[in-house]
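First comes the structure, then the notes that go with it.
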There are 2 protein chains.
Amino acid sequence: MQSLSLRERVLIYLAEAGGITTSLRITTPVLSKHFSTSQQSASRLLIILEKEGLIDRRVVGRTSYVKLTQKGVARLLDLYLTLKMIFERPVKVVLEGRVFSGYGEGSYYMSVPGYVKQVEEKLGFLPYPGTLNVTLLSKDSIENRMFLQKYADIELSGFKDDRRTYGNVKAIRVLLNDTEPAVMIFPERSLYDSSVAELISQYNLRDKLGLTDGSLVRISAVLQPKIFYEGFKSKISLSQPPA
Amino acid sequence: MQSLSLRERVLIYLAEAGGITTSLRITTPVLSKHFSTSQQSASRLLIILEKEGLIDRRVVGRTSYVKLTQKGVARLLDLYLTLKMIFERPVKVVLEGRVFSGYGEGSYYMSVPGYVKQVEEKLGFLPYPGTLNVTLLSKDSIENRMFLQKYADIELSGFKDDRRTYGNVKAIRVLLNDTEPAVMIFPERSLYDSSVAELISQYNLRDKLGLTDGSLVRISAVLQPKIFYEGFKSKISLSQPPA
DNA sequence: ATTACTATTTCCCGAGTAA
DNA sequence: TTTACTCGGGAAATAGTAA
């Protein structure tokens with residue numbers, strides 16, 4: 001976390017080392033080495049933090065002891081709670097695009113008994129034999145489609161009938177235009193690329209919502225943050241407490 | 001959170017406003033007002049964040065759209081996880097001090113049936129009729145005693161007998177010298193001030209641990225962070241997402 | 001309206017050094 | 001050994017202004 005200001009980095013460093021409940025013995029040369037800065041800067045940093053009331057310092061003989069004040073803890077706690085808000089709240093993912101007519105493949109799929117049966121079992125409805133195809137309009141929407149694909153937790157297994165093999169299909173529940181429950185599907189080998197969303201429902205969505213080719217629609221899903229942020233983590237830690 | 005570097009504050013601001021999943025329409029004057037800085041700085045800030053690969057920008061006509069990149073999210077997530085480590089781990093609170101002989105009051109209390117009975121019920125042992133008194137040595141220890149007092153979750157209720165009234169006593173389980181289970185008590189109206197810790201146990205702690213007046217002892221307790229940090233929170237929020 | 005360039009000022013960092 | 005001062009150079013913020 002290179003670009004965090006040194007003040008916070010020092011405060012976090014001290015907190016990690018136990019400086020919330022214990023006075024830590026720390027010297028400016030040691031501190032400076034940890035942050036690859038000069039002894040003078042380390043000294044100045046402690047002076048500033050003390051002046052701002054974020055740490056208490058006590059010089060006993062030749063060593064000084066440092067501890068976070070309530071205000072110092074509050075600073076970090078505020079920051080923590082703000083970030084917690086951001087990362088723990090449900091993640092609303094929105095895709096926007098326009099309805100278009102597909103190749104008729106979706107319709108075909110959703111009338112194959114092997115899929116129909118699984119939809120009924122795993123999603124709880126009898127699918128209307130056709131998919132609603134949506135071309136995504138923005139880069140955001142396309143990126144978000146990929147997130148949804150990663151997160152899609154319902155799996156329709158592939159199978160064979162006497163004619164051909166059918167691939168696996170991942171699926172996730174979404175809302176169409178904020179109100180209509182639907183399911184977005186991700187066929188393992190789709191005819192479309194990641195700029196197209198395919199939706200199924202027990203209803204004919206075109207009829208029910210009065211959609212025609214070119215209609216603007218909004219697909220939204222709410223994800224659990226824990227799963228959503230997997231893969232975002234970088235492996236570099238912020239700082240290590242003293243040995 | 002005044003002293004966080006502007007880079008992070010902007011990144012957090014954008015994340016709060018939904019910039020993790022959505023491209024946000026944001027202008028440099030608006031941004032500058034939010035952070036009480038100049039329009040030029042806001043502009044430069046976005047340029048820097050983009051150059052560092054933390055945000056994506058797209059200028060469409062006269063407005064620009066901003067979204068955090070994976071790297072940008074990773075930055076904040078790292079910071080979040082570091083703070084989470086600090087604030088969610090159990091808090092070990094340590095007090096150090098020296099054994100001294102009290103006024104004999106503790107001994108008296110711990111032989112009063114009204115207390116003895118409650119200790120047996122609520123703590124599960126028959127108390128040795130006497131307290132171990134410890135004068136705390138450092139400011140840290142005294143502060144930590146106050147935290148323990150606040151946190152002490154076992155309550156021995158006051159009562160009356162035919163002679164006098166006895167006040168409420170709060171109590172918390174601790175370890176003496178890292179190994180010996182004991183209970184630290186906080187009489188509502190103690191004879192001692194906050195620089196003295198009073199311990200009870202089913203054993204005579206002096207005998208069991210070979211302690212005499214002046215012996216250095218270490219009292220430790222492990223607290224749940226959620227309760228420990230109550231009261232640290234400041235009421236000022238870090239930043240507000242745009243209206 | 002915007003964004004962002006160039007100049008000036010302000011602030012921060014590190015070397016030298018004292019206590 | 002420490003901590004922390006002064007001071008010079010460089011980075012960052014603001015003001016003015018162009019596009």
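Note: hydrogens, waters and symmetry copies are ignored here, and every other heavy atom, side chains too, is used. Numbered from 1 within each chain, the chains take letters A, B, ... in sequence-line order.
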Would a 4.5 Å heavy-atom cut-off, applied to side chains only, mark [X] and [Y] as touching?
X	Y	result
L79(A)	I12(B)	yes
L77(B)	Y229(A)	yes
K170(B)	I185(B)	no
Y192(A)	N133(A)	yes
M184(B)	T131(B)	no

List the atom pairs, donor and acceptor, that lie under 3.5 Å between side-chain atoms in residues 85-95 of chain A and the rest of the protein, sequence neighbours left out.
from   : atom 1 : to     : atom 2 : distance (Å)
E88(A) : OE2    : Y80(B) : OH     : 2.5
R89(A) : NH1    : E16(B) : O      : 3.4
R89(A) : NH2    : A15(B) : O      : 3.1
R89(A) : NH2    : E16(B) : O      : 3.1

What is the separation between atom [atom1] on [X] and atom [atom2] on [N], rounded to the nearest whole Å?
X	N	atom1	atom2	value
K33(B)	dT2(C)	NZ	C1'	12 Å
Y65(B)	dT2(C)	OH	C1'	13 Å
R9(B)	dA13(D)	CZ	C1'	14 Å
I26(A)	dA4(D)	CD1	P	14 Å

- prompt: Does the pair D78(A)/K233(B) count as a salt bridge with the N-to-O cut at 4.0 Å?
  reply: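 Looking at D78(A) and K233(B), the cut-off is not met.
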field: SB check K139(A) D56(B) (cutoff 4.0 Å)
entry: yes
- request: Rounding to 10 degrees, work out the angle separating the end axes of the helix from dT2(C)-dA19(D) to dA19(C)-dT2(D) (five pairs an end).
  value: 40°
task: Quick one: which residue pairs count as a salt bridge (charged side-chain N to carboxylate O under 4.0 Å, His left out) with a foot in residues 176-197 of chain A, not counting sequence neighbours?
output: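 Qualifying pairs, neighbours excluded: D178(A)-R218(A), E180(A)-K208(A).
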task: Just grab all the salt bridge (charged side-chain N to carboxylate O under 4.0 Å, His left out) pairs involving residues 29-51 of chain A, residues at least two apart or on different chains.
output: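 Counting only pairs at least two positions apart or across chains, the salt bridge (charged side-chain N to carboxylate O under 4.0 Å, His left out) contacts touching residues 29-51 of chain A are E50(A)-R57(A).
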- request: Give a yes/no on whether any side-chain N or O of S64(A) is located under 4.0 angstrom from OP1 or OP2 of dT3(D).
  value: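 It does, given that an N or O in the side chain of S64(A) lies less than 4.0 Å from OP1 or OP2 of dT3(D).
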message: For nucleotides 4-16 of chain C, give me one character per nucleotide, 5' to 3': B if any protein heavy atom sits under 4.0 Å from the base, S if the only such contacts are to the sugar-phosphate, - if neither.
response: BB-------BBBB
Produce the list of close N/O pairs, under 3.5 Å, pairing protein atoms with atoms of nucleotides 8-10 of chain D; give distances to one decimal.
none

- request: Assess the pair F147(A) and F186(A): is the distance between their ring centroids shorter than 6.0 Å?
  value: no
